[in-house]
Amino acid sequence: MILRPRKEDHLVIGKYTGKVVIGVGMLMIIPLLVSIFFGEWDTVLDFVISISACLVFGFGTQLLCRTERDLNWSHGLVVASGSWGLATILGALPHYLSGHEGSYLDAMFDVMSGYTTTGLYLLQDIDHISMGLNMWRHLLTYAGGQGIVVIALTFLFKGTAGAYKVYVGEGKDERLLPNVVQTAQAIWLVSLTWLVVGTLALFVTGWSLGQEPVRAFFHAMWVFMGAWSTGGFAPQSYNTFWFHSLTYETICIVIMIAGSFNFALHWALWTGKRKEIIRNVETISFAITLSLTTLIATYALAKAGVYPDAMTLFRKVFYQLASGHTTTGFSTIYARAFVTQWGPLGLIATMIAMAIGASACSTGGGIKGIRMGVMTKAFLQDVRKMISPESAVVRAKYHHIRDVLLDDGIVRTSMTITIAYITLYGLTAVVGALYGYDFLQSAFEGISAASNTGLSCGITTPSMPALMKVLYIFAMWLGRLEFMSVFALVGYAVAMVRGRR
Amino acid sequence: MVPRESGFHVLTRPEKWPQYLGGMLTETAFILALTALAFGMAVIAIAVWR
């Protein structure tokens, strides 16, 4: 029996969703300051309008939804998914007002792509957008990688027991420290430390490559944000190919793989548990699947003779595969080269890497390494059971921060989410094929959107059908929040209409 | 009652930074090992399959 939500439920959801929207408005102050610094007065006006809209909405809901009630589990899930939806609608204002988007739908596509750390974009003439809008695009992806709810948890939710429920609703379920607000702060500490180190390394490299210092700094910061958040945005239409530098590429590889690690793994390593990196089921799974997909693509491209020497082959293959597997979306080849040069085997290897994706509780998307590890362990456990005597008790465990005994509940949850991802990948592929795109290319683009990767083989353009844009927006949203909180939002809407009083 | 300390200032105490730096270096070493493995694959691939 579905119960219709009561007024108190609407109030508590409205109150906390409003807080997240206020957080989005406050985040826009950073690109506003960048625009003022560079004297981009049109962009300043765009951000003033957008900030005002967020604050009016956010504080308006605070006034209308006054309640002392705390969040329960379903509230937390609805707030998480609802906040992402509203943050996309309002966060698209600066994009749309810039005049670089074909429509408001395109602007929402780009913003959802940023929040979900996907990296596909429909923005036009990207090489000539303002510094302020570039700052906003990359900040979106950096904030989205942390989780916009994590931002709100850090600054606006202090002392709220129900905050953990919103945090889980955003697809993060690890407590690095006993308190969820402290966990959010630890996540920030890791990310900000990497931000300083990574930006500095990229800045020095960019400067030595001939960029003028101010531009080298901003590009370094934005490329860091794109890599760490596994977002894949870059300030140039040629993405990181623009730099033509082995050093720049190597630094990007380090940042995007580190960004794809579970925050619990970071915290374990940072607090002295160094062996965790070779014992953790996610890093083992990642190392195996990345090496295998790299081997397949290396074989295919060496056999086809696409690249002249080992260094070029290594640079092109490993960069795209690491980018795909971490769900970053950085590339050092042209989008159509996936089709014209890499061929079916290269495309399939990249698709497998993107579909598996990064670690749970990271900035990345996809099925996740921990689920691959759990399902592999469960499969091997079943094989061992079959070849063992009937009376034998066969137990399996996996290591993630601590040893965990594998039980049916864990395997069932992993299988459910994996099936949901595969269904979503299939749906996006079929819809693309129905619109006349080649099935393999359509599957590549669909997996890229649903796993929040952002590599493109050329389908994602402003001229693509509007329904596919809408489908990709939902695929990015579902993939990032790992289905449950979006389903909770749909369930809430259904309960409002059909639930019993 | 003595309030428990929490917040960024506890996490960012100077004595904690050597541990944090060690963690970052471990992560970087692991990633560079995977990168070196991929380079080895490319060298063998060019020698064998091309």
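Lettering follows sequence order; numbering is per chain, from 1.
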When rounded to the nearest 0.5 angstrom, what is the spacing between [atom1] in [X] and [atom2] in [Y]?
X        : Y        : atom1 : atom2 : answer
A:Arg274 : B:Gln19  : CZ    : CD    : 5.5 Å
B:Phe39  : A:Leu313 : CZ    : CG    : 10.0 Å
B:Ile46  : A:Met311 : CD1   : CE    : 12.0 Å
B:Glu27  : A:Glu276 : CD    : CD    : 11.5 Å

Contact class of A:Tyr299 relative to chain B, heavy atoms under 4.5 angstrom: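 Contact with chain B is through both the backbone and side chain of A:Tyr299.
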Side chain, backbone, both or neither of A:Tyr307 within contact of chain B (heavy atoms, under 4.5 Å): backbone
Which heavy-atom pair separates [X] from [Y] by the least distance, and what is that distance?
X        : Y        : result
B:Ile31  : A:Ala258 : CD1-N, 3.6 Å
A:Trp194 : B:Thr28  : CH2-OG1, 3.9 Å
A:Thr298 : B:Ala42  : CG2-CA, 3.8 Å

Residue selection (most heavy-atom pairs with chain B, distance under 4.5 Å) from A:Leu290, A:Val317, A:Thr283, A:Thr250: A:Thr283
Test item: A:Trp188 and B:Leu11 side chains (from C-beta on) under 4.5 Å apart, heavy atoms: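 No, their side chains stay 4.5 Å or more apart.
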Heavy-atom check, side chain of B:Met41 versus side chain of A:Phe314, under 4.5 Å: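 A side-chain contact is absent here, since even the closest heavy-atom pair is not under 4.5 Å.
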Partner chain A: residue of B:Thr35, B:Leu37, B:Val43 with the largest heavy-atom pair count (under 4.5 Å): B:Thr35
Residue, of B:Ala47, B:Ala33, B:Ala29, B:Ala45, that accumulates the most heavy atom pairs under 4.5 Å with chain A: B:Ala45
Test side chain to side chain contact (heavy atoms under 4.5 Å, CB included) applied to B:Met24 and A:Trp270, step by step: CA-CA 7 Å; B:Met24 284 182 90; A:Trp270 282 39; 3.3 Å; yes
Contacting region of B:Leu21 [heavy-atom separation from chain A under 4.5 Å]: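 Contact with chain A involves no heavy atom of B:Leu21 at all.
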